[in-house]
S.K.: 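One structure, as structure tokens, below. Some questions next.
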Protein chains: 2
Amino acid sequence: MGKESIEGTAKILNLLGNETRLSMMGLLLINDCCVCEFVDIFKMSQPAISQHLRKLKDVGLVTEQKKGQWVIYSLNRETTYFSLIQDILNHIPDQKEKLIWLEQQGLKISCN
Amino acid sequence: MGKESIEGTAKILNLLGNETRLSMMGLLLINDCCVCEFVDIFKMSQPAISQHLRKLKDVGLVTEQKKGQWVIYSLNRETTYFSLIQDILNHIPDQKEKLIWLEQQGLKISCN
DNA sequence: TATGTATATAAGCAATTAATTATATAATAA
DNA sequence: TTATTATATAATTAATTGCTTATATACATA
């Protein structure tokens, strides 16, 4: 089992210790998402969402990829913290329902 | 696998998202500890240590037990979050070295 | 080209955090 | 009893957080 430093792990846990970011990670485990989808799901301002994503990106937990006018965020499955992330997300309810709701509202972006 | 709510899990992660508290939990996984041992290990003021322990106690992650003039803290292995805690602590280095250091300094309290 | 949409960033602000110092309480020892 | 030790709590403070609003940029489309 890969052991990470206390400092690094604490930093990651601190980031995931926020309901919005934790749920974002749960969503990204199922599906890549763009910023505007998160805005609809969390009913939160676009800058607030962008700032949460920035924090996740800064520690390497997610990656971004431009697709037309959208920016698609994905889980970074290469980070040394990915197995920790998986273990943690295993303990929260499946976030699929939020994606289903998004589709039902006709808000799912299809940029693939 | 027991799933806990996003809110509850985020709260726990937020608490463990602090280097001192995360290390405390790693230590308690090996050994019960009293406040003054934590003070020596973390070289932090006694009130600061007490306040960290208070937070862990408030969410039920640890329990306390008075033994003479000492207050001994233990991991609460009954909480529904214990398996999450175990999974997380599995990802950090063994905290045993801190206990060994404590013993070498002659600071280990023997209140058993 | 002008307009609208998606996103990022900056500035500001209220709430929270993590420490400190000072003080109180409880148990032990002289 | 008095002093010492272990701990908790309160008040204070500086730093951080998580939002807001305002603005800038980039792309898409009419």
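Each chain gets a letter, A, B and so on, in the order the sequences are listed, and its residues count up from 1. Quick caveat, the model's predicted, so the values are computed rather than measured.
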S.K.: Using atom CG of B:Leu107 as one end and atom P of D:dT5 as the other, report the distance to the nearest whole Å.
M.R.: 14 Å

S.K.: Look only at the side chain of A:Glu37 and the backbone of A:Cys34, and say whether a donor-acceptor pair between them is shorter than 3.5 Å.
M.R.: yes

S.K.: Take the protein atom NZ of A:Lys43 and the nucleotide atom C1' of D:dC19, then report the distance between them rounded to whole Å.
M.R.: 18 Å

S.K.: Between B:Ser74 and B:Asp32, is any side-chain donor less than 3.5 angstrom from a side-chain acceptor?
M.R.: yes

S.K.: Can you name the salt bridge (Lys or Arg N to Asp or Glu O under 4.0 Å) partners of A:Lys57, sequence neighbours left out?
M.R.: A:Glu64

S.K.: Is there a path of hydrophobic side-chain contacts, each under 4.5 Å between heavy atoms of I, L, V, M, F, W or Y residues, that connects A:Tyr73 with A:Trp70?
M.R.: no

S.K.: State whether the number of non-hydrogen atoms from other residues, nucleotides or ligands found under 6.0 Å of B:Lys3 atom NZ is greater than 12.
M.R.: yes

S.K.: Which part of the nucleic acid, if any, lies within contact of B:Tyr73, taking any heavy atom under 4.0 Å across all strands shown: a base, the sugar-phosphate backbone alone, or nothing?
M.R.: sugar-phosphate

S.K.: Whole-Å distance between D:dT7 P and B:Lys66 NZ?
M.R.: 9 Å

S.K.: Where along residues 12-29 of chain A does a heavy atom fall under 4.0 Å from DNA chain C?
M.R.: none

S.K.: Take A:Cys33 and A:Leu99 through the test side chain to side chain contact (heavy atoms under 4.5 Å, CB included) and record every step on the way to the result.
M.R.: CA-CA 10 Å; A:Cys33 289; A:Leu99 289 171; 4.2 Å; yes

S.K.: Whole angstrom is fine here: how far is it from NZ in A:Lys67 over to C1' in C:dT7?
M.R.: 17 Å

S.K.: Identify the two heavy atoms, one from A:Leu75 and one from A:Met25, that lie closest to each other, and give their separation to 0.1 Å.
M.R.: CD2-CE, 3.4 Å

S.K.: Side chain of B:Asn76, backbone of B:Glu78: donor and acceptor closer than 3.5 Å?
M.R.: yes

S.K.: If Ile, Leu, Val, Met, Phe, Trp and Tyr residues are connected whenever their side-chain heavy atoms lie under 4.5 Å apart, and connections chain through other members, are A:Ile100 and A:Leu107 in the same group?
M.R.: no

S.K.: Measure from CZ on A:Phe38 to C1' on C:dT7 and round the result to the nearest Å.
M.R.: 14 Å

S.K.: 5'-most contact on DNA chain D: A:Gln69 or B:Gln69, nearest heavy atom basis?
M.R.: B:Gln69

S.K.: Have a look at the helix from C:dT1-D:dA30 to C:dA30-D:dT1 and give the angle its two end axes make, five pairs each, rounded to 10 degrees.
M.R.: 10°

S.K.: Among residues 45-65 of chain B, which contact DNA chain D at a heavy-atom distance under 4.0 Å?
M.R.: B:Gln46, B:Pro47, B:Ser50, B:Gln51, B:Arg54, B:Glu64

S.K.: Rounded to the nearest Å, what distance is computed from the CE atom of residue A:Met44 to the C1' atom of nucleotide C:dT7?
M.R.: 17 Å

S.K.: Output the rounded distance in Å from NZ (B:Lys11) to P (C:dT16).
M.R.: 10 Å

S.K.: Would you list the pairs meeting salt bridge (Lys or Arg N to Asp or Glu O under 4.0 Å) in which at least one residue belongs to residues 45-56 of chain A, sequence neighbours left out?
M.R.: A:Arg54-A:Asp58

S.K.: Do any side-chain atoms of residues 10-19 of chain A form donor-acceptor pairs under 3.5 angstrom with protein atoms, and if so which ones, sequence neighbours left out?
M.R.:
residue : atom : partner : partner atom : Å
A:Asn14 : ND2  : B:Gly17 : O            : 3.3
A:Asn18 : OD1  : A:Thr20 : N            : 3.0
A:Asn18 : OD1  : A:Arg21 : N            : 3.0

